[in-house]
There are 2 protein chains.
Amino acid sequence: MDGYPSLDRIDLKILAVLQEDGRITNQALAEKVALSPSACLARVRRLEAEGLILGYHARLDIERIRPTVTVYGEVTLKSHRPADLLTFEAALAEIPEVVEAAQVSGPFDYLIKVVSPDVRFWGELADHLLQEGLGVDKIASHILMKDAKPFRGAPVTARRHPGFDG
Amino acid sequence: MDGYPSLDRIDLKILAVLQEDGRITNQALAEKVALSPSACLARVRRLEAEGLILGYHARLDIERIRPTVTVYGEVTLKSHRPADLLTFEAALAEIPEVVEAAQVSGPFDYLIKVVSPDVRFWGELADHLLQEGLGVDKIASHILMKDAKPFRGAPVTARRHPGFDG
DNA sequence: CCTGAAATCCACTATTG
DNA sequence: CAATAGTGGATTTCAGG
């Protein structure tokens, strides 16, 4: 459990810019953060090596690529022993349609996001999760009706108080 | 409401590769899909223009950049008139800590994901959402304990049946 | 729609401050 | 740690099929 790496204003700016435009050229990035290209590239490589940048990805409009039903599942397990949690997580890792999974506090244990071709597929997937000795007690599901705010990144710098003024 | 664009095997491969590695060079991409660099680039530009590729982003480990508490909020509105939904969604769009929001079916109306510096911030944000004439009835929240499977993209091609064999 | 060539631009590595 | 300059390689455009 080590602390936070020491990041100066330039590092944070680089992270913010790359999160917004992952394909910006190093030259343009260097200009935005007021650094020479070589110094900028060295910082980017350092941020990658430190694991603060985990990867670069194209964001796709999957619903326009093929028919899709996205479902959020609230999964409750029968047991909360660490080994059982890991077994369940390992199973999720093997299912490509489970695109995201979070262990959460509250009345259920995991919130999972599933991108399936139709509702039947989700039904079969839920059945599998309930049957295959994964210790799943129950699953409540919510179908995504509208992607009101697609994920585009988290704020790199924290505000102290929320506000609707920005 | 138009149908799906006609995408051949190469287009789907390009989308899959770029989703996995958004910073791959056009040359390497062209090689992977067995096309010349110029033909490959033309396809990528077409996919971008058609809106199937919405953007490119670095994926950051925000929890290692700064202290973070991620919360899922289940938001119930008082009214479900389209105008009220849009008002609420517009408010969410203005709050950078709300990193994702989905309108869903079921006993609540929106599932929102919030990245806040601490729990107090989330409390204040929830209070604001409940007070400011946005028509919010109630919010149930779940704190993220462990990011069991971070989002890295959705499968570009659909399977017919789920299975744990891959 | 593709290929292939030509020109521009960029990434990356010394080298130096 | 950062700036500068140079080279190899990539991006991008365009002519041609």
Side-chain angles (χ1 to χ4, degrees), chain A residues 2-67 152-153 156-158, chain B residues 2-62 64-66 152-153 156-158:
Chain A
D2 62 286
Y4 294 86
S6 61
L7 302 171
D8 62 19
R9 230 167 304 179
I10 296 180
D11 289 322
L12 295 174
K13 185 83 187 289
I14 288 173
L15 291 169
V17 170
L18 284 176
Q19 185 174 40
E20 194 175 311
D21 179 6
R23 271 195 89 102
I24 191 172
T25 64
N26 182 57
Q27 287 207 348
L29 177 60
E31 201 171 341
K32 280 205 178 199
V33 303
L35 230 56
S36 72
S38 62
C40 182
L41 185 62
R43 279 172 182 260
V44 171
R45 294 288 177 258
R46 198 195 74 227
L47 294 168
E48 290 170 351
E50 286 178 342
L52 302 180
I53 297 174
L54 293 168
Y56 300 89
H57 307 278
R59 177 166 51 99
L60 306 182
D61 190 345
I62 191 69
E63 305 206 346
R64 294 195 47 209
I65 294 171
R66 60 176 176 85
R152 293 190 54 170
V156 165
T157 53
Chain B
D2 63 284
Y4 293 86
S6 61
L7 302 170
D8 62 18
R9 228 166 304 179
I10 296 180
D11 289 322
L12 294 173
K13 185 82 187 288
I14 288 173
L15 291 169
V17 170
L18 284 176
Q19 185 174 42
E20 193 175 310
D21 179 5
R23 269 193 91 100
I24 191 172
T25 65
N26 183 56
Q27 284 210 349
L29 177 61
E31 201 171 343
K32 280 204 178 200
V33 303
L35 232 54
S36 71
S38 59
C40 183
L41 184 62
R43 278 172 182 261
V44 171
R45 294 288 178 258
R46 198 196 75 225
L47 294 168
E48 290 169 352
E50 286 177 342
L52 302 181
I53 298 174
L54 293 168
Y56 301 90
H57 307 278
R59 177 166 50 99
L60 306 182
D61 191 345
I62 191 69
R64 293 194 49 209
I65 294 171
R66 60 177 176 83
R152 291 191 55 170
V156 165
T157 54

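Since the model is a prediction, treat every value here as computed from it, not as a measurement. Just so it is clear, the values below take in all heavy atoms, side chains as well, and ignore hydrogens, waters and symmetry mates. Numbered from 1 within each chain, the chains take letters A, B, ... in sequence-line order.
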Legend entry - Earlier contact from the 5' end, DNA chain D, for A:A34 and B:I24: A:A34
Inset, instruction - Please tell me which of the listed nucleotides, C:dC10, D:dA2, C:dC12, lies nearest to the side chain of A:L41? - result: C:dC12
Legend entry - Base of C:dG4 paired with side chain of B:S38 (donor-acceptor, under 3.5 Å): yes
Inset, instruction - Report which part of the nucleic acid A:R23 touches: base, sugar-phosphate, or nothing (heavy-atom distance under 4.0 Å, all strands). - result: nothing
Inset, instruction - Just compare D:dT12, C:dC2, C:dA11 and give me whichever is closest to any side-chain atom of B:N26. - result: D:dT12
Inset, instruction - Give one of base, sugar-phosphate or nothing for B:R46, where a contact means two heavy atoms less than 4.0 Å apart. - result: nothing
Inset, instruction - Evaluate whether atom CD of A:E31 has more than 12 neighbouring non-hydrogen atoms of other residues, nucleotides or ligands under 6.0 angstrom away. - result: no
Inset, instruction - Look at all strands and tell whether A:S36 reaches a base, only sugar-phosphate, or nothing, counting heavy atoms closer than 4.0 Å. - result: base
Inset, instruction - Whole angstrom is fine here: how far is it from CG in A:L29 over to P in C:dC12? - result: 12 Å
Inset, instruction - Give the rounded distance in Å between these two atoms: CZ of B:R43 and P of D:dT11. - result: 18 Å
Inset, instruction - Check every atom of C:dT3, C:dC1, D:dT11 against the side chain of B:Q27 and return the nucleotide holding the closest atom. - result: D:dT11
Inset, instruction - Starting at atom OH of B:Y56, determine the distance to atom P of D:dT11, rounded to an integer number of angstrom. - result: 12 Å
